[in-house]
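Shown next, in structure tokens, is the structure this report addresses.
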Amino acid sequence: MAESLEHSWQLDPKDAVELQRELRTRIRLQPLDKPIRFIGGADISFNLYSDVFYAGIVVLDYATLEVVETAFHTETVTFPYIPGLLSFREIPTLLKAWAKLATKPDVTMVDGHGIAHPRRMGIATHFGLVTDSPTLGCAKKVLTGRIAPVGKEAGSVSPIMDKEELLGYALRSRLRSNPVYISPGHLLDPESALAIARHCLRGYKLPEPTRRAHEVVNEFRRRETAESSDEDNPTG
DNA sequence: GCGACAG
DNA sequence: ATCTTGTCGC
């Protein structure tokens with residue numbers, strides 16, 4: 001029986017890396033054990049130079065890709081942005097939004113990488129481990145791995161490889177857009193992650209879960225930012 | 001030693 | 001990650 005992993009998020013970068021090496025042994029890459037009815041999209045937004053984070057999670061009906069639920073949370077973060085340690089900066093806030101969801105999605109797409117990470121512990125993987133739920137990562141830039149050029153046609157893919165290990169796929173999600181990088185997070189395998197990402201394409205560069213999460217969390221941040229501004233500068 | 005480096 | 005309108009190209 002799988003267990004959800006509990007651990008501190010207040011770590012020094014060195015300890016965070018050590019924890020990643022331990023958590024790595026818990027990753028399970030496998031097909032889903034049940035059909036997908038709901039898919040989640042998770043994203044973080046913040047004002048430039050600010051450490052006030054806004055987390056948003058959307059739940060979409062997998063068949064129609066319509067948003068059926070949203071949850072948000074905002075708080076101040078302290079962990080710095082360090083490539084390879086993104087999860088320690090963003091996951092705590094995401095978890096508090098996750099806790100507010102009435103419907104936990106069957107699989108969640110996280111903005112960033114899954115196992116396409118130097119220690120296989122990208123934010124999507126880490127999020128899947130701590131929530132004990134299937135996840136995949138959708139990133140806009142490469143972090144690690146070798147990738148042969150992706151075909152120009154929409155739908156073209158090229159594997160993300162580290163030596164002989166398949167980490168995920170670069171996917172040309174639409175014509176004339178740079179590829180997105182899809183990798184399994186936890187409780188999913190590379191092929192399933194790719195199939196899910198493709199299912200979620202609707203003519204935009206980003207798959208719907210990530211695209212909609214980014215959209216609603218930005219609306220949330222701008223709304224909240226405007227409110228606190230009003231309190232300091234009442235207009236009427 | 002040098003270059004790369006998710007959000 | 002975020003700020004931003006128009007503009008060039010397919």
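A, B, ... follow the sequence lines: proteins, then strands. Residue 1 opens every chain. The analysis underlying the following values was restricted to heavy atoms, covering all of them including side chains, and did not include hydrogens, waters or symmetry mates.
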What contact category does A/G84 fall into here, base, sugar-phosphate, or nothing, at under 4.0 angstrom with non-hydrogen atoms? base

Checking all strands, does A/L85 fall into the base, sugar-phosphate, or nothing category for heavy-atom contacts under 4.0 angstrom? base

Taking only N and O in the side chain of A/R221, is any of them less than 4.0 Å away from OP1 or OP2 of C/dC3? yes

Of all the choices, B/dG7, C/dA1, C/dC3, which nucleotide is nearest to the side chain of A/S45 once you look at every atom? C/dA1

Presence of salt bridge, A/K140 and A/D111, under 4.0 angstrom: yes

Runs of at least three Watson-Crick or G-U pairs with DNA chain C, cut-off 3.5 Å: none

Using OP1 and OP2 only, check whether a side-chain N or O of A/Y49 sits under 4.0 Å from C/dT2. no

Within 45° of the ring axis of A/F46 and under 6.0 Å from its six-membered ring centre, is that where the NZ or CZ of A/R89 lies? yes

Counting side-chain heavy atoms from CB outward, which of C/dA1, B/dG7, C/dC3 is closest to A/L48? C/dA1

Relative to each other, are the rings of A/F72 and A/F220 parallel, tilted or perpendicular (30° and 60° limits)? parallel

Looking at A/E224 and A/R221, is any side-chain nitrogen of the basic one under 4.0 Å from a carboxylate oxygen of the acidic one? no

With the stacking rule set at 5.5 Å and 30°, tell me whether A/Y181 counts as stacking on B/dA6. no

Short side-chain N/O contact to C/dT2 OP1/OP2 from A/N218, under 4.0 Å: yes

Is there a side-chain polar atom (N or O) of A/H214 under 4.0 Å from OP1 or OP2 of C/dA1? yes

Just say parallel, tilted or perpendicular for the rings of A/H199 and A/Y62, cut-offs at 30° and 60°. parallel

Quick note, A/L143 side chain, CB onward, closest among B/dC5, B/dG7, C/dC10 is B/dC5

If you compare every side-chain N and O of A/K141 against the phosphate oxygens of B/dA4 (OP1, OP2), does one of them come in below 4.0 Å? no

Side-chain contact check for A/R89: nearest option of B/dA6, C/dT2, B/dG7 is B/dG7

All stems with DNA chain B, defined as three or more consecutive Watson-Crick or G-U pairs under 3.5 Å: none

Validation row: A/F38, A/V68 side chains within 4.5 angstrom (heavy atoms): yes

